[in-house]
Amino acid sequence: MKKNMGMADRVIRSIIAVLIAILYFTNVISGTLGLILLILACVFLLTSMISFCPLYAPFGLNTCKKVEDLQEKS
């Protein structure tokens with residue numbers, strides 16, 4: 001898998017996942033909606049850790065900095 005998520009994207013997803021987990025475990029959200037959001041939070045954390053979002057691939061989205069851009073700044 002080629003990385004397609006930049007650092008900002010990964011941080012935002014991680015923050016959202018942590019907030020959902022906090023809301024779920026403090027019983028602010030519960031029931032079916034709570035479980036669905038908790039599963040979504042797990043997916044967000046997983047995709048953040050591996051820097052790859054499968055939904056980006058079919059659309060050709062890539063939030064990673066290009067290698068050429070990084071080499072020019074050096």
Side-chain angles (χ1 to χ4, degrees):
M1 286 181 291
K2 185 177 178 184
K3 292 183 179 183
N4 65 2
M5 288 176 59
M7 183 58 73
D9 197 6
R10 294 172 57 198
V11 169
I12 291 168
R13 286 173 180 244
S14 297
I15 291 170
I16 291 171
V18 168
L19 289 175
I20 290 172
I22 290 170
L23 292 174
Y24 180 79
F25 291 116
T26 57
N27 290 323
V28 174
I29 54 175
S30 60
T32 305
L33 175 64
L35 287 174
I36 291 171
L37 288 175
L38 193 60
I39 291 168
L40 180 67
C42 291
V43 170
F44 275 7
L45 279 178
L46 178 65
T47 57
S48 293
M49 286 189 283
I50 62 173
S51 299
F52 179 78
C53 179
L55 292 177
Y56 282 7
F59 299 108
L61 296 173
N62 187 346
T63 60
C64 275
K65 291 188 178 194
K66 295 181 181 177
V67 175
E68 300 89 33
D69 293 340
L70 293 175
Q71 290 174 348
E72 288 175 8
K73 291 181 180 180
S74 298

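What you see is a predicted model, and the numbers here were worked out from it, not measured in a lab.
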So if you build clusters from Ile, Leu, Val, Met, Phe, Trp, Tyr with side-chain heavy-atom gaps below 4.5 Å, do [X] and [Y] land together?
{"X": "L35", "Y": "I29", "answer": "yes"}
{"X": "M5", "Y": "F59", "answer": "yes"}
{"X": "V28", "Y": "I15", "answer": "no"}
{"X": "V11", "Y": "L45", "answer": "no"}
{"X": "M7", "Y": "L46", "answer": "no"}

Test item: [X] and [Y] side chains (from C-beta on) under 4.5 Å apart, heavy atoms:
{"X": "D9", "Y": "Y56", "value": "yes"}
{"X": "I36", "Y": "L40", "value": "no"}
{"X": "R13", "Y": "C53", "value": "yes"}
{"X": "S51", "Y": "N4", "value": "no"}
{"X": "S48", "Y": "I12", "value": "no"}

Residue pair T47 / P54: nearest heavy atoms and the distance that separates them = CG2-CD, 4.2 Å

What is the minimum heavy-atom distance between I22 and T26, and which atoms define it?
-> O-OG1, 2.7 Å

Output yes when a side-chain donor or acceptor of S30 lies under 3.5 Å from a complementary backbone atom of N27, and no otherwise.
-> no

Just jot down the salt bridge (Lys or Arg N to Asp or Glu O under 4.0 Å) partners of R10, sequence neighbours excluded, or say none.
-> none

Let me see the working for K2 and F52 under side chain to side chain contact (heavy atoms under 4.5 Å, CB included), right down to the final yes or no.
-> CA-CA 7 Å; K2 185 177 178 184; F52 179 78; 5.8 Å; no

Given L19, L37, L38, L33, the one that forms side chain to side chain contact (heavy atoms under 4.5 Å, CB included) with Y24 | L38

